Amino acid sequence: LVLFSLIISAIFSCDDDNTFVPYDYAEQALIDDEDLIEYMQTHYYNSAVDSINEVANGETPFYESVQVEQVAANDVIYNLYYIVSEEGAGYQPSLVDDVMTTYRGNLLDGTIFDSRESITVGNPWWNLTSLILGWQYGLPNFTGGLNISEPNMPLEFDEYGGGFLFIPSGLAYKQTGNASVPPSAPIVFMLDLQYAKAADHDSDSVLSNDEDIDGDGDVNNDDTDGDLIPNYADIDDDGDGTATIDEDANGDGDPRNDDTDGDGTPDYLDPDNF
């Protein structure tokens with residue numbers, strides 16, 4: 001009984017130092033926003049040396065040309081800042097598309113924590129759904145370039161867009177950080193969107209961005225057959241046992257314009273299409 005009492009006492013006794021305090025995303029978002037604004041007001045891009053420097057002699061700071069996008073995550077509305085310094089001539093990606101970029105990421109103290117200077121090393125493709133929210137929402141503000149690659153030669157693109165992303169920690173690596181980024185650290189990326197293309201995650205001939213059935217900009221909440229697999233990742237969107245790609249009755253390669261029973265719902269979204 002004495003031992004039992006000691007164990008119970010140890011489990012339930014705690015002082016202020018051991019009290020669990022949940023992470024406050026909203027408070028951290030305010031801190032990050034203040035830090036990012038101060039950073040943008042005091043720093044600029046020095047093209048002569050290809051680096052971000054502190055304003056010292058009247059240079060134009062980032063803040064003079066920055067734009068802001070509001071992003072909802074973690075029950076918080078974040079300010080995601082961006083600058084489009086070069087307009088591209090190619091494809092402008094959606095939140096779910098494939099991108100190819102070169103970039104440099106740094107902390108607000110100037111430490112470079114990640115970079116890709118070339119698209120010829122490793123697999124240069126990323127799908128935006130696999131990246132931090134700051135990239136997923138930020139990259140669609142840029143436009144990719146034109147593919148001018150020669151056969152059997154390294155990839156090469158021209159007239160691509162580029163600029164800067166200023167990302168709060170809640171849209172980056174949050175309170176955990178990673179091996180190179182401290183916890184709750186806002187980050188900055190200088191990037192070029194070399195190329196972008198539309199993705200079809202489930203290879204069903206309906207582009208992932210076109211599987212936003214309710215048109216709210218979020219493909220993750222569109223699940224026609226209720227099987228907990230979003231349509232953009234579901235090979236049988238209506239759950240009728242016939243794959244979406246096989247519901248192309250007129251054979252034109254687009255299942256979206258096939259409506260066998262004429263009820264206004266395409267066959268691939270209609271489990272009762274006869």
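Just so you know, these numbers come straight off a predicted model, no measurement behind them.
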If Ile, Leu, Val, Met, Phe, Trp and Tyr residues are connected whenever their side-chain heavy atoms lie under 4.5 Å apart, and connections chain through other members, are Val84 and Tyr137 in the same group?
yes
Are Pro140 and Leu95 close enough that some pair of their side-chain heavy atoms sits under 4.5 Å apart?
yes
Residues two or more places apart in sequence or in another chain: which of them pass ring-ring contact (aromatic ring centres under 6.0 Å, His included) with Tyr45?
Phe164
Cluster question for you: counting only ILVMFWY and a side-chain heavy-atom cut-off of under 4.5 Å, with indirect links fine, are Ile132 and Leu191 together?
yes
Intermediate values then yes/no, side chain to side chain donor-acceptor pair (under 3.5 Å), Asp114 and Tyr103
CA-CA 8 Å; Asp114 192 11; Tyr103 64 89; 3.0 Å; yes
Is the Tyr23 ring parallel, tilted or perpendicular to the Tyr25 ring (thresholds 30°, 60°)?
perpendicular
Say whether, by atom type as modelled, one donor and one acceptor occur between the side chain of Asn141 and the main chain of Gly138 under 3.5 angstrom.
yes
For a side-chain contact (heavy atoms from CB on, under 4.5 Å) check, start with the C-alpha distance between Thr101 and Leu139, then their side-chain angles and the critical distance, and finish with the verdict.
CA-CA 10 Å; Thr101 69; Leu139 262 291; 4.2 Å; yes
Could you walk me through whether Ser130 and Asn127 pass side chain to side chain donor-acceptor pair (under 3.5 Å), step by step?
CA-CA 6 Å; Ser130 68; Asn127 185 266; 5.5 Å; no
Report the residues that fulfil side-chain hydrogen bond (donor to acceptor under 3.5 Å, both in side chains) with Asp212, sequence neighbours left out, ordered by chain and then residue number.
none
Mind checking whether Tyr78 and Ile167 have side chains closer than 4.5 Å, heavy atoms only?
no
Apart from Met153 itself, what residues make up its hydrophobic cluster when side-chain heavy atoms of I, L, V, M, F, W and Y under 4.5 Å apart count as a link, directly or indirectly?
none
Side-chain heavy atoms under 4.5 angstrom apart, residues restricted to Ile, Leu, Val, Met, Phe, Trp, Tyr: same cluster for Leu207 and Leu269?
no
If we ignore hydrogens and angles and just use 3.5 Å, is the side chain of Asp267 paired with the main-chain N or O of Pro255 as donor and acceptor?
no
Show the numbers, then the answer: is there a side-chain contact (heavy atoms from CB on, under 4.5 Å) between Ile148 and Glu159?
CA-CA 10 Å; Ile148 59 171; Glu159 297 186 65; over 6 Å; no
Inter- and intrachain pairs under ring pair (Phe, Tyr, Trp, His ring centres under 6.0 Å), touching residues 105-124, at least two apart:
Phe113-Phe189
Would you check if the side chain of Thr244 reaches a backbone N or O of Asp237 as a donor-acceptor pair within less than 3.5 Å?
yes
Do you know the tightest heavy-atom contact between Gly264 and Asp259?
N-OD2, 2.7 Å
Using a 4.5 Å cut-off on heavy atoms from C-beta on, say whether the side chain of Asp204 contacts that of Glu211.
yes
Over all atoms of both residues, closest heavy-atom pair of Ala172 and Ile187:
CB-CD1, 3.6 Å
Check: Asp272 and Asp270 side chains under 4.5 Å, non-hydrogen atoms
yes
In Å and rounded to the nearest 0.5 Å, what is the CG to CG distance from Leu80 to Asp33?
11.0 Å
How far apart are the closest heavy atoms of Asp238 and Pro271, and which atoms are they?
OD2-N, 3.6 Å
Give me the other members of the hydrophobic cluster that Trp125 sits in, counting Ile, Leu, Val, Met, Phe, Trp and Tyr linked by side-chain heavy atoms under 4.5 Å, directly or via other members.
Met100, Ile119, Leu155, Phe157, Tyr160, Tyr195
Closest non-hydrogen atoms of Leu107 and Ser180, given as atom of the first, atom of the second and distance, are CD1-O, 4.4 Å
Measuring only between side-chain heavy atoms, which start at C-beta, is Ser65 closer than 4.5 Å to Thr60?
no
Are Ile52 and Leu36 connected in a single hydrophobic cluster, I mean Ile/Leu/Val/Met/Phe/Trp/Tyr linked by side-chain heavy atoms less than 4.5 Å apart?
yes
Just wondering, do Thr102 and Glu117 contact through their side chains at under 4.5 Å, heavy atoms?
no
For residues 210-244, the ring pair (Phe, Tyr, Trp, His ring centres under 6.0 Å) pairs (sequence neighbours left out) are His201-Tyr232
Between Gly253 and Asp248 the two heavy atoms that sit nearest each other are N-OD2, 2.7 Å
Has the side chain of Asp240 got a donor or acceptor atom that lies under 3.5 Å from a matching backbone atom of Thr242?
yes
Could you check if a side-chain atom of Phe166 sits within less than 4.5 angstrom of a side-chain atom of Asn79, using non-hydrogen atoms only?
no
For atom CD of Glu86, is the number of surrounding heavy atoms from other residues, nucleotides or ligands below 6.0 Å larger than 12?
no
Would you mind listing the cluster partners of Ile77? Hydrophobic ones only (ILVMFWY), side-chain contacts under 4.5 Å, chaining allowed.
none
Output all residues satisfying side-chain hydrogen bond (donor to acceptor under 3.5 Å, both in side chains) with Thr111, sequence neighbours left out; order by chain, then residue number.
Asp109
Does a sphere of radius 6.0 Å around CD in Glu38 hold more than 12 heavy atoms from other residues, nucleotides or ligands, not counting ones at 6.0 Å or beyond?
no
Would you say the side-chain atoms of Asp158 pair up with the backbone N or O of Leu146, donor to acceptor, closer than 3.5 Å?
no
Does Ser149 use its side chain to pair, donor to acceptor, with the backbone of Glu156 at less than 3.5 Å?
yes
Looking at side-chain heavy atoms only, is the closest gap between Arg104 and Ile112 below 4.5 Å?
yes
Set of side-chain hydrogen bond (donor to acceptor under 3.5 Å, both in side chains) partners for Ser51, sequence neighbours left out:
Asn53
Only counting residues at least two apart or in another chain, list the ones meeting salt bridge (Lys or Arg N to Asp or Glu O under 4.0 Å) with Asp254.
Arg256
With the 4.5 Å side-chain cut-off for hydrophobic clustering, are Val188 and Tyr63 part of the same group?
yes
Determine whether a donor-acceptor pair (N or O, by modelled atom type, separation under 3.5 Å) exists between the side chain of Asn231 and the backbone of Thr224.
yes
Flag for Gln175-Ser169: side-chain donor and acceptor within less than 3.5 Å
no
Minimum heavy-atom distance Leu133-Ala73, with the two atoms named:
CD1-CB, 3.8 Å
Can you list the other members of the hydrophobic cluster that holds Val55, where links are side-chain heavy atoms under 4.5 angstrom apart?
Tyr44
Where the side chain of Asn46 meets the backbone of Ala48, is there a donor-acceptor pair that is under 3.5 Å apart?
yes
So, Asp98 side chain and Lys197 main chain: donor-acceptor pair closer than 3.5 Å or not?
no
Between Ser85 (side chain) and Gly162 (backbone), is there a donor-acceptor pair under 3.5 Å?
yes
Examine the side chains of Asp97 and Asn209 and answer whether a donor and an acceptor come within less than 3.5 Å of each other.
no
Residue pairs passing the salt bridge (Lys or Arg N to Asp or Glu O under 4.0 Å) test with at least one member in residues 216-231, sequence neighbours excluded, are none
